[in-house]
Student: 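Okay, handing you the structure first.
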2 protein chains.
Amino acid sequence: MSAGSLRARVRAEMTEEIKATARRHLATDGANLSLRAVARDMGMVSSALYRYFPSRDALLTALILDAYNALGTAAEAGDTAVTDRTALRARWLSICHAVRAWALANPSEYALLFGSPVPEYHAPEATTAAASRTPLTLITVLKDSVDAGFSTPTDHLPPTVHADMARLRAGTAPGIPEELLARGSMGWIQLFGAVSFELFGQLNNVVEAREAYFEYQMRHVATTIGIPE
Amino acid sequence: MSAGSLRARVRAEMTEEIKATARRHLATDGANLSLRAVARDMGMVSSALYRYFPSRDALLTALILDAYNALGTAAEAGDTAVTDRTALRARWLSICHAVRAWALANPSEYALLFGSPVPEYHAPEATTAAASRTPLTLITVLKDSVDAGFSTPTDHLPPTVHADMARLRAGTAPGIPEELLARGSMGWIQLFGAVSFELFGQLNNVVEAREAYFEYQMRHVATTIGIPE
DNA sequence: TCTACTTGGAGAGCACTGCTCTTTCCCGAG
DNA sequence: CTCGGGAAAGAGCAGTGCTCTCCAAGTAGA
């Protein structure tokens, strides 16, 4: 059996190496990386690569899945890094900083996840689970905030938004009021917007104190959501 | 002289037609549209197209410039559509809705502006002026808010952020307190994040009431900035 | 009006791309 | 020890951005 799994192991290693090489190319060529160049880098011919990935899109899908999971892992690590689990504000901010740090360390992968959608490419269902890990980490803090008895916002939500939030809660986080979820989603959007603005060059020649301005924003968001100091 | 300008006029028309065709291709092929396909669509050979644009990047730059200006025009129109110039909240919200409407109507051009940066492509200086039209429109509302005597936020800004905002103010909007500019920039980021999330598919299967949730967010942002009802 | 010059279009060609198909080879299960 | 299947190689197809040469047509000066 060790012989039988050898083939499989080699194949798995090969697949990993292809992805690693592709990730390297991602940094310079973006989403339109070249299969042939990846193969060339590995000393193999391009057609051999099709034994591992049926198409370029399949390779991209694998990279996207890995990236979502890497970001999710980083976000969760940011959360658990705060040993005092009752320090909700610190946890929220730690997650935000973890997301930004991961994005700055892996800009091309972040762009693959949150940048312009690749034309003619449709993400398979499998990615959505990985994609929701990061927002779920944020929602966990909201849930702990509710359990700790902190007061929640009392916005008036339009009925349709209320329904959306109720549906979101049903799938993920029982017990969180719709109003809090709505504000939490806003915070997730602000986090994404801030990181994207910085990474995509929209802050150039405007804001130099990137870290400080990010911190300022996220503190403000945390306050808005109702996470006390 | 009418003969001399004929050539120029034909050339201008040709340039416009190329851009229009390219814009159409942008919708299906995204940023990696094909010069040859554009030429084919116009019944000409690809090399002829190089008489008008020295490279594919140059064509993209022209499209980007046009898109920034179109968005800026839409934003300004959203502002001036509010006849009561003292209705600052209405003006702010009208600008936000105009930006979203333009983005929904021109998704691929929006992606070109605010999506993943094109690898190896660096925007020339000329685009920055067009790019700032939309945020400047928002800042105008902030300025009118100050002039109207509305109270401004009293955040404590880190010194570096304070300096950034002072520099931003110096170039654009004298008289606006740094704290207000910082919050206004947050609002611009939230607007961008909300539109991008919706357009790039991040809201799929989560929020269905797109319009209503957007409105909710922007109202909240306006309140946060300190624009009274 | 005739000529000299500039300009725009056409076509061939180069190096590259994703992908398919066929051929070869070699590992490992029976 | 045989032989089936997985993996690699290579040729080939249609497409790409871009360059170069060639030619027709429009423009300006005498």
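No hydrogens, no waters, no symmetry mates; every other heavy atom, side chains included, goes into these values. Here the structure is a predicted model, which means the values were calculated and not measured. Here is how names work: the chains are called A, B, and so on, in the same order as the sequence lines, proteins then strands, and each is numbered from 1.
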Student: Which pairs count as salt bridge (Lys or Arg N to Asp or Glu O under 4.0 Å) when at least one residue sits in residues 182-200 of chain B, sequence neighbours excluded?
Tutor: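 Every salt bridge (Lys or Arg N to Asp or Glu O under 4.0 Å) pair that includes a residue of residues 182-200 of chain B, provided the two are not neighbours, is R100(B)-E198(B), D155(B)-R183(B).
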
Student: Measure CG/D29(A) against P/dC16(C) and give the value in whole Å, please.
Tutor: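 From D29(A) CG to dC16(C) P: 14 Å.
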
Student: Under the rule for side-chain hydrogen bond (donor to acceptor under 3.5 Å, both in side chains), what residues qualify as partners of Y68(A), not counting sequence neighbours?
Tutor: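 Partners of Y68(A) under the side-chain hydrogen bond (donor to acceptor under 3.5 Å, both in side chains) test: Q202(B).
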
Student: Figure out the OH/P separation between Y50(B) and dT16(D), and round it to whole Å.
Tutor: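 Between P of dT16(D) and OH of Y50(B): 11 Å.
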
Student: Could you tell me the separation between the NE2 atom of H25(A) and the P atom of dT17(C), rounded to a whole number of Å?
Tutor: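 Interatomic distance, NE2 of H25(A) to P of dT17(C): 10 Å.
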
Student: Within the 4.0 Å heavy-atom criterion, would you say L33(A) contacts the bases, only the backbone, or no part of the nucleic acid?
Tutor: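 Sugar-phosphate, backbone atoms only, no base.
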
Student: What is the distance, to the nearest angstrom, from the CG atom on L35(A) to the C1' atom on dT17(C)?
Tutor: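 So the CG-C1' distance, L35(A) to dT17(C), works out to 9 Å.
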
Student: Does the protein touch nucleotides 7-15 of chain D at the base, only the backbone, or not at all? Give it as B, S and - per nucleotide, heavy atoms under 4.0 Å.
Tutor: BBBB-B---

Student: How many Å lie between CG on L60(B) and C1' on dG17(D), as a whole number?
Tutor: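 So the CG-C1' distance, L60(B) to dG17(D), works out to 12 Å.
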
Student: Starting at CZ of R56(B) and ending at C1' of dT17(C), how long is that distance when rounded to a whole Å?
Tutor: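 Taking atom C1' of dT17(C) as the reference, CZ of R56(B) is at 13 Å.
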
Student: Please check if any side-chain donor atom of T73(A) sits under 3.5 Å from a side-chain acceptor atom of R133(A), or the reverse.
Tutor: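 The criterion, which ignores hydrogens and geometry beyond distance, is satisfied for R133(A) and T73(A).
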
Student: Under a plain distance cut-off of 3.5 Å, with no hydrogens placed, do Q190(B) and H220(B) share a side-chain donor-acceptor pair?
Tutor: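 Per modelled atom types, H220(B) and Q190(B) side chains form no pair under 3.5 Å.
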
Student: Would you call V38(B) and R24(B) a side-chain contact if the rule is heavy atoms closer than 4.5 Å?
Tutor: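 Result no, sub-4.5 Å side-chain heavy-atom pair not found.
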
Student: Test side chain to side chain contact (heavy atoms under 4.5 Å, CB included) on Y213(B) and S185(A) and set out the steps.
Tutor: CA-CA 10 Å; Y213(B) 188 55; S185(A) 302; 3.0 Å; yes

Student: Output the rounded distance in Å from CG (N32(A)) to P (dG18(C)).
Tutor: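 Rounded to the whole Å, the gap is 9 Å.
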
